[in-house]
Amino acid sequence: MSLDTTMEKTYQPHEIERSWYKNWEEKNYFAPSGKGTSYTIMIPPPNVTGSLHMGHAFQQSIMDALTRYRRMQGYNSLWQVGTDHAGIATQMVVERKLAAEESKSRHDLGRDAFIEKVWEWKEQSGNTITRQMRRLGNSVDWETERFTMDEGFYNAVQEVFIRLHDDGLIYRGKRLVNWDPKLHTAISDLEVESTEEQGSLWHFRYPLVDGAKTLDGSDFIVVATTRPETMLGDTAVAVNPKDERYQHLVGQYVELPVVGRRIPIVADDYVDREFGTGCVKITPAHDFNDYDVGKRHQLPLINVMTINANIREHAEVFNLDGTVNTTVTNVIPEQYHGLDRFSARKKIVKEFDNLGFLEKIEPHTLKTPRGDRSGEVIEPLLTDQWFVKIKPLAEPAIKAVEDGDIQFVPKQYENMYFSWMRDIQDWCISRQLWWGHRIPAWYDNNGNVYVGRSEEEVRSKYKLAADLALSQDNDVLDTWFSSALWTFGTLGWPENTARLQTFHPTDVLVTGFDIIFFWVARMIMMTMYFMKDEQGNPQAPFKTVYVTGLIRDENGQKMSKTKGNVLDPLDMIDGISLKDLLNKRTGNMMQPQLAARIKQSTQTQFPEGIAAHGTDALRYTLFSLASTGRDINWDMKRLEGYRNFCNKLWNAARYVLMNTEGQDCRQNGGEVDYSLADRWIVSKLQHTEKAVCDAIESYRFDLASQALYEFIWNEYCDWYLELSKPVLWDENATEEQLRGTRYTLVRVLEAILRLAHPFMPFITEEIWQQVRSLAGKEGDTIMLQPYPACDPNNIDEAAVAELEWVKGIVVAIRTIRSEMNIKPSAEISVLLNNATELDTKRLGSNYTFLKRLAKLADIQTLPTGSKAPDMVATKLVGDLEVLVNMTDLVDKTAEIARLQKEIDKLSKEQTRLNNKLTNDNFISKAPAVVVEKEQNKLKEVENALQKFAEQLSKMQQL
RNA sequence: GGGCAGGUAGCUCAGCUGGGAGAGCAUCGCCCUUACAAGGCGAGGGUCGGGGGUUCGAACCCCUCCCUGCCCACCA
């Protein structure tokens, strides 16, 4: 063996990873080959100004493994990369920066200058995430990188908007929408999160007029509300039509206190008789349910709030069709003007109290709607917005999943998809932001709307006079509107490009369950509307949606900045000092008061900071934890374990190189004489190849990584490398034997590298480069080598059985050694009793293996008729008795205890089997094979028991 | 209120269409054996959330309850 290999003693990932990625990218290996069947994955575009978190690392590792796997299998593989402009999120970041650095708001700059700032920020920070993606080893096609606001996407977005509008599927109207008073924009239903909060239920008296009385003679009715301030906009009180208490009052009026407006009492099924008082104040302009009630009863809409959710000086009054209502008074008492919602609430409650109209206040838990970005309480507000009429788009999208054209993995997410899609509401797509795709619509001074690509096109399309003044809509589109076009927009649509024809529809979408509605569903709808196959049928954007779980911290908590438990994937790759980690976790916090606790928990958990583990270890950990659909509780110990695994593979390669470099590994052919171990490991490799491929095809990356791990560590390293030593170090070995073992060592290692490459791209490439020529392979990179496939012809079941026999004996002897406290250095002799002809034959051909692996002075069969020595320790391998000679090492008590333990275990098993086999029902009803199996087991157990019992009594007599 | 997922060793999780439970880490021994101490060899540890049912046989199928997490929904 030569020790002059160039490999370091431990695996040092950092430099290797950097240089290989650079090499791959420069050589353009990530680009589709242009040959073979196409395979496409579209990356979920991360926020352009964002940075990589564990969720990205997880999903991208999976996409990379799939892409590398298919690429190696010869598919024309495209992993499309790109980033998202992320409207609200990006705009907020830049606004915050602007406020912090220049104490300016976006309004101080004005729209054009602000947008320019965002572009600057995008240029400046936009490559953070792409740089991080390179560190992960992602084999994305960088040459065709896209951005959701690049020129091509701009065209696609306009085209989609205009066509949907012209097809009657986009409309504009004054509607009640979810309004974020902090961000000053409408948001969609999906961007509203409801949280359970403690509030009150206020009971207000509304005086009846025209002499009306309740059944018990009161001249007022009592309404219950959680939002007193909206009473300024009440336009009715509703009761249930079946409610005997109030039936007679339907059609009567109350006079709204504070405001003095006469409003009707109406009957509506919406009202629950059991809740509150059974009387509900109706405020159609500030509550979604009330809006619907208002529609049914032709009530006017009175908006009492500004876009800041402050009380207006004059209410805006509208009819249901959005026209201005001039008959209802718009007066709001002066003392409320300009108050925010919550101050107004207090003041109104106080006023009711003063008037004697406050019946009572009950504590009440309610669901408060909050904006997912701002955290602000959302206010239903009447505004002019653009909507997509979604039902016609949803129908084919539902059918595609029903028919199995699109499959979710795991399947249970289909239910989630269906339940949302079947009850889908029109999609509000306009946002009152500046950063995004501006809506391609123009208005004249009379409020007429013209939709088109440009002012010029609009003028000609609608045949407008040249002097008609037009101005473009100020709003931008919901970010998800453009990302919904991702699968085809990135491929050149609306042009019918070659890329579009080759790579669409795509194969699999890998994403988190949290954006199934936001993105996946909308992508399916949009794609199916715009993309058609040759027969004109709608095309699905992808065949499979692989839904990943969330990565949580070791306690199952969601990782978040405020909890201070965020782990940066790059820190696990490159390592980070405690000091830097603390800075990262406590610096720039929105709630600085949390810093102390975060500091403490971080110090406890990472007293030394985080060590560098390398990309491959990180990736392998992610794969091993990726059982479908489950959230992952991150475990640093697992990461360490897989770092060790990388090192194991590295050292196995070192061993192989030490023993093969400069030697004949049959690169040029030649006769070979394969050892049992050679034939065994090649057979095991076939099984592993099948297991790994099957697991990848079914998206079970945990099973794939486990099969690979077990093969490499427990079979190749633990047994095969050890078994190769007696051959390689045997002075009497023939050239054919040496060649056979070296050949097998190298070839199996080379296959392992290819098999593992999709999971651990860097270490496999590095080692592969060194074994390539020894393994007789051509090619510049492992990336483009064929993926190993199981060949049943290479499976030698007889060799597998025989090697299992060898392992059985070796393990039996090791166990005796350990339990009898025999020094590892002591060479012992072993006898095999009760040996069959086959045992004897196997012993003959595996003598040197056994001697070396069990560290024996000698091993032989006990000749028939001769008596075994008295002082032996016994173990059974099937019917074969393994006897370790203890004459010089006697510890009678230990052996008696050991035998007793064996007997106890066997007795239990015997009882169990006996019970089963004396049960007539079992004998008569269980399948014959099962009965036979159990009978054989019992025979074996009884046999073993007898032998141990004999041995025990012998020992006791000594 | 409706729906989904999960509860298996101290921890994190596997367990394919029912035939007495596995891995990694942790723990406990023994070893610096010439690829690897980021290692080697061996050992201990589980009433598979509770209860009931189907079955010769249940971690797995059915019913029921308990706990955890998530999604959806208008109770003012």
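This structure is a prediction, so every number in the text was calculated from the model and none was measured. Letters A, B, ... are given to chains in the order of the sequence lines, protein chains preceding strands, and every chain is numbered from 1. Excluded from the calculations below are hydrogen atoms, water molecules and symmetry mates; all remaining heavy atoms, backbone and side chain alike, are included.
- In this structure, the CG atom of Asn651(A) is 20 Å from the P atom of rC32(B), given to the nearest Å.
- Atom OH in Tyr413(A) sits about 12 Å away from atom P in rC72(B), given to the nearest Å.
- Atom NZ of Lys875(A) sits about 5.5 Å away from atom CD of Glu819(A), to the nearest 0.5 Å.
- Distances were taken from every side-chain heavy atom of Gln412(A) (C-beta onward) to each of rA43(B), rA35(B), rC4(B); the shortest belongs to rC4(B).
- Atom pair Tyr11(A):OH and rA35(B):C1' shows a separation of 17 Å (rounding to whole Å applied).
- A search for salt bridge (Lys or Arg N to Asp or Glu O under 4.0 Å) contacts involving Lys933(A) returns nothing, not counting sequence neighbours.
- Between the CG atom of Asp292(A) and the C1' atom of rC74(B) there is a distance of 9 Å, given to the nearest Å.
- Within 4.0 Å (heavy atoms only), Ser627(A) reaches sugar-phosphate atoms of the nucleic acid but no base atom.
- Residue Gln706(A) places its side chain closer to rA14(B) than to any other of rC41(B), rA14(B), rU12(B).
- When heavy atoms are screened at a 4.0 angstrom cut-off, Pro410(A) is found touching no nucleic acid atom at all.
- Residue contacts shown for His364(A) are limited to sugar-phosphate atoms, with no base heavy atom under 4.0 Å away.
- A close approach under 4.0 Å does not occur between any side-chain nitrogen or oxygen of Arg817(A) and OP1 or OP2 of rC31(B).
- Residues Lys905(A) and Glu909(A) are not paired through a salt bridge, judged by the lack of any N-O separation under 4.0 Å between the basic side chain and the carboxylate.
- Nearest nucleotide to the side chain of Lys933(A), out of rG29(B), rG19(B), rC36(B): rG19(B).
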As a check on the pairing definition, encode RNA chain B in dot-bracket form, counting Watson-Crick and G-U wobble pairs whose two distances are under 3.5 Å, and using | for partners outside this strand. (((((((..((((.....[..)))).(((((.......))))).....(((((..]....))))))))))))....

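- Using a cut-off of 4.0 Å between Lys/Arg side-chain N and Asp/Glu carboxylate O, Asp234(A) and Lys281(A) are scored as salt-bridged.
- Across all strands shown, Val271(A) has heavy atoms under 4.0 Å from base atoms, whether or not it also approaches the sugar-phosphate.
- How far CZ of Arg522(A) is from CG of Leu190(A): 5.0 Å, rounded to the nearest 0.5 Å.
- Within 4.0 Å (heavy atoms only), Arg814(A) reaches sugar-phosphate atoms of the nucleic acid but no base atom.
- The nucleotide whose nearest atom lies closest to any side-chain atom of Leu703(A) is, among rC4(B), rG42(B), rA14(B), rA14(B).
- For the salt bridge (Lys or Arg N to Asp or Glu O under 4.0 Å) with Arg370(A), the qualifying choice from Glu197(A), Glu191(A), Glu193(A), Glu196(A) is Glu197(A), the only one to do so.
- Asn647(A) comes within 4.0 angstrom of a nucleotide base, judged by non-hydrogen atoms across all strands.
- For Arg700(A), the listed nucleotide lying nearest its side chain is rG15(B); candidates were rG40(B), rA76(B), rG15(B).
- Per the geometry, NZ belonging to Lys637(A) stands 12 Å off C1' belonging to rA38(B), to the nearest Å.
- Side-chain atoms of Phe275(A) lie closest to rC75(B) of the nucleotides rC56(B), rC75(B), rG20(B).
- Taking atom P on both nucleotides, rU33(B) is separated from rU27(B) by 23 Å, rounded to a whole Å.
- Nucleotides rA5(B) and rG24(B) place their P atoms 30 Å apart, quoted to the nearest Å.
- An OP1 or OP2 oxygen of rA35(B) is reached within less than 4.0 angstrom by a side-chain nitrogen or oxygen of Lys725(A).
- Taking atom P on both nucleotides, rC16(B) is separated from rC60(B) by 11 Å, rounded to a whole Å.
- A donor and an acceptor atom sit less than 3.5 Å apart, one in the side chain of Lys648(A) and one in the base of rC36(B).
- Rounded to an integer number of Å, the gap from CG of Leu708(A) to C1' of rA14(B) is 16 Å.
- Considering CZ of Arg643(A) and NE2 of His613(A), their distance stands at 4.5 Å, rounded to 0.5 Å.
- Residues satisfying the ring-ring contact (aromatic ring centres under 6.0 Å, His included) test with Phe513(A), not counting sequence neighbours, are none.
- Cys717(A) comes within 4.0 angstrom of a base, heavy atoms only.
- For Asp272(A) and rA73(B), the CG to C1' distance is 15 Å, given to the nearest whole Å.
- Each of Ile632(A) and Val810(A) was matched to the nucleotide of RNA chain B holding its nearest heavy atom; the match closer to the 5' end belongs to Ile632(A).
- Rounded to whole Å, the separation between the P atoms of rA35(B) and rC28(B) comes to 29 Å.
- Spacing between rU64(B) and rC56(B) at atom C1', rounded to whole Å, works out to 26 Å.
- Using a cut-off of 4.0 Å between Lys/Arg side-chain N and Asp/Glu carboxylate O, Asp635(A) and Lys637(A) are scored as not salt-bridged.
- Among the protein residues, Lys9(A) comes within range of the sugar-phosphate backbone only, with heavy atoms under 4.0 Å from sugar or phosphate atoms but none that close to a base.
- As rounded to the nearest Å, rG51(B) and rU12(B) have P atoms that lie 23 Å from one another.
- With rA76(B), rG40(B), rG42(B) as the choices, the nucleotide that has an atom nearest any side-chain atom of Trp713(A) turns out to be rG40(B).
- Using a 4.0 Å heavy-atom criterion, one finds that Asn919(A) contacts the sugar-phosphate atoms exclusively.
- In terms of heavy atoms, Tyr620(A) sits closest to Tyr642(A) at CD2-CD2, 3.4 Å.
- The side chain of Asn644(A) lies closest to rA38(B), out of rU12(B), rG19(B), rA38(B).
- Among the atoms of the strands shown, none is found under 4.0 Å from any heavy atom of Glu909(A).
- Heavy atoms of Glu722(A) sit under 4.0 angstrom from at least one base atom.
- For the C1' atoms, the distance from rA21(B) to rA58(B) is 12 Å, rounded to whole Å.
- The same atom, P, is picked in rG22(B) and in rG45(B); the two are 13 Å apart, to the nearest Å.
- For Lys901(A), the side-chain atoms get nearest to rA43(B) when compared with the rest of rA43(B), rA38(B), rG19(B).
- Between Tyr11(A) atom OH and Phe762(A) atom CZ the span is 8.0 Å, to the nearest 0.5 Å.
- Comparing rG24(B), rC56(B), rG69(B) by their closest approach to the side chain of Arg638(A) singles out rG24(B).
- Using a 4.0 Å heavy-atom criterion, one finds that Thr225(A) contacts the sugar-phosphate atoms exclusively.
- Mapping Asp718(A) and Phe517(A) onto RNA chain B by nearest heavy atom places Asp718(A) at the nucleotide closer to the 5' end.
- Among the atoms of the strands shown, none is found under 4.0 Å from any heavy atom of Arg227(A).
- At a threshold of 4.0 Å, the pair Glu934(A)-Lys937(A) counts as salt-bridged, since one of the basic side-chain nitrogens sits closer than that to a carboxylate oxygen.
- Protein atom NZ of Lys916(A) is 9 Å distant from nucleotide atom P of rA58(B), rounded to whole Å.
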